[in-house]
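This report concerns only the one structure given below.
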Amino acid sequence: MSNHYRPTWAEINLDHLWHNYITAEKEVPNKNVIPVIKANAYGHGAKEVFKFLYKNGIRFFAVSLLEEALELKEIYQDAQILMMGPLLEKDLEVVSKNQIEFTIYDTPIYEAVLGSKLSLTCHIKVDSGMSRYGMVEPEKIMDAVESLQARKNIDLKGIYTHFATSNENEVFYNLQLNRFKEIVNMMKVKPRMIHISNSSSTFKYEKNYDFTTHVRLGISLYGLSLDQPKPNIIPVMSLKSKVVQIKTLHPGDSVGYGASYQAKSDERIAILPIGYADGFIRGNKTGSIEINQKEYKIVGIICMDACFVKVDDQVKIGDTATIFGGMITIDHVAKRLKTINYEVVTSISYRVPRVMVEGVKK
Ligand SMILES: Cc1ncc(COP(=O)(O)O)c(C=O)c1O
């Protein structure tokens, strides 16, 4: 158990994480799997996930922000960290000093890099159709590749793109793929890293490609996917709390803000110390929570620090409540909130301690 006081926590099963990593690795033999640990490792705890993977021999990681990269570099200096988000010219010195690999995603940063005397390691990002970060025109990209490759102080280590529709629209996926492939074919000297696949593309398509070297595994590292059928992966996070108080209500008594729920008969209401400030947002009020292998309905409005569950006589103070990660899955919660599993896990806030568990039976 980590050093925390509140009886609400997110359990992070590192055995499951490793299972997922190995499953992806087996899927793409001869290629390297880059764990994407941006956004606090999709809410799972970036530092702990990073340390765990590093101890298992992984040395290359991807994040979004410079802050995220710096936090990891402080732990293991020799880990290679690719920053996929936008870098500002003013921060070139910081990435150089800390040996952080970054992304050239547009002309201004390209020109700043070209004009710099700093020692820099970078990857060019090609916008092959998503219209997010990345350079678009093939001629400009080739120009950038050749100019950067000619510089002694610059290591153009990789080129990559990102798919907008790997889990849904094959036609658009192939359009992006072909645009990117054309650029790679035009390159006289290929960089050491060529990477295109996210989780979905890793499991669905990557084995067909002989021109790539790496995949960037995000959501499936954490045991989640938007694909059906899902690959052989296991969710890593379960969100738990404990019953801290039980109220007996009589007919007409109300619960919570707005007095929106009123008891129709004598009822038992369990109070759980988890609320919207923990990322258990108000939209969850239509759902249920598992206590002792049984589902109980949430009642009333979810507060900042607490929520209410209508329970029976079997529930007592101190019982563990599983918000998700048991009978109620992260995908159930995503469906309830009309969103995707990515948003459910990344929304669990900093207030919720992440408790790493290893050696737990699946
Ligand atoms: C550039 C880039 N590569 C890889 C990933 C990982 O994607 P996924 O979580 O779908 O595996 C992301 C996530 O959004 C990303 O932005």
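Side chains included, hydrogens not; waters and symmetry mates left out as well; all remaining heavy atoms used. Numbering of ligands and ligand atoms starts at 1, following listing order.
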### Summary
When V315, V311, I289, D312 are each screened for side chain to side chain contact (heavy atoms under 4.5 Å, CB included) with K294, the one that passes is D312
### Task
Would you mind checking which non-hydrogen protein atom is closest to atom 11 (O) of ligand 1, with the distance to 0.1 Å?
S199 OG, 2.5 Å
### Task
For atom 7 (O) of ligand 1, find the nearest protein heavy atom and state the residue, atom name and distance (0.1 Å precision).
N198 CB, 3.4 Å
### Query
Mind checking whether L217 has an N or O less than 3.5 Å away from an N or O of ligand 1?
no
### Message
Can you confirm whether more than 12 heavy atoms, excluding those of K140, are under 6.0 Å from its NZ atom?
### Response
no
### Query
Counting each atom of ligand 1 from 1 as listed, which ones have a heavy atom of I219 under 4.0 Å away?
8 (P), 9 (O), 11 (O)
#### Entry: ring pair (Phe, Tyr, Trp, His ring centres under 6.0 Å) between Y261 and F308, intermediate numbers included
CA-CA 10 Å; Y261 177 80; F308 309 95; 9.2 Å; no
#### Entry: Protein contact of atom 5 (C) of ligand 1 - nearest heavy atom, named by residue and atom, plus distance
H162 CE1, 3.7 Å
### Task
Would you tell me which option among M130, R216, H195, R132 has the nearest heavy-atom contact to atom 16 (O) of ligand 1?
R132
#### Entry: Stepwise side chain to side chain donor-acceptor pair (under 3.5 Å) test for Y42 and N341
CA-CA 10 Å; Y42 287 43; N341 45 32; over 6 Å; no
### Message
With heavy-atom distances below 4.0 Å as the criterion, list the atoms of ligand 1 near Y342.
### Response
8 (P), 9 (O), 10 (O)
### Test: K230 and D331 ion pair at under 4.0 Å
yes
### Message
What verdict does the side chain to side chain donor-acceptor pair (under 3.5 Å) test give for K242 and T320, after you've listed the backbone C-alpha separation in whole Å, the side-chain angles of each residue and the deciding distance to 0.1 Å?
### Response
CA-CA 4 Å; K242 278 190 187 281; T320 297; 3.0 Å; yes
### Message
Give the atom numbers and elements of ligand 1 that come within less than 4.0 Å of a heavy atom of Y42.
### Response
6 (C), 7 (O), 8 (P), 9 (O), 13 (C)
### Task
Could you tell me whether the side chains of N174 and Y205 share a donor-acceptor contact shorter than 3.5 Å?
no
### Message
Using a 3.5 Å cut-off on N or O atoms only, is Y160 in polar contact with ligand 1?
### Response
no
## Note on the structure
closest protein heavy atom to atom 13 (C) of ligand 1 is K38 NZ, 3.1 Å
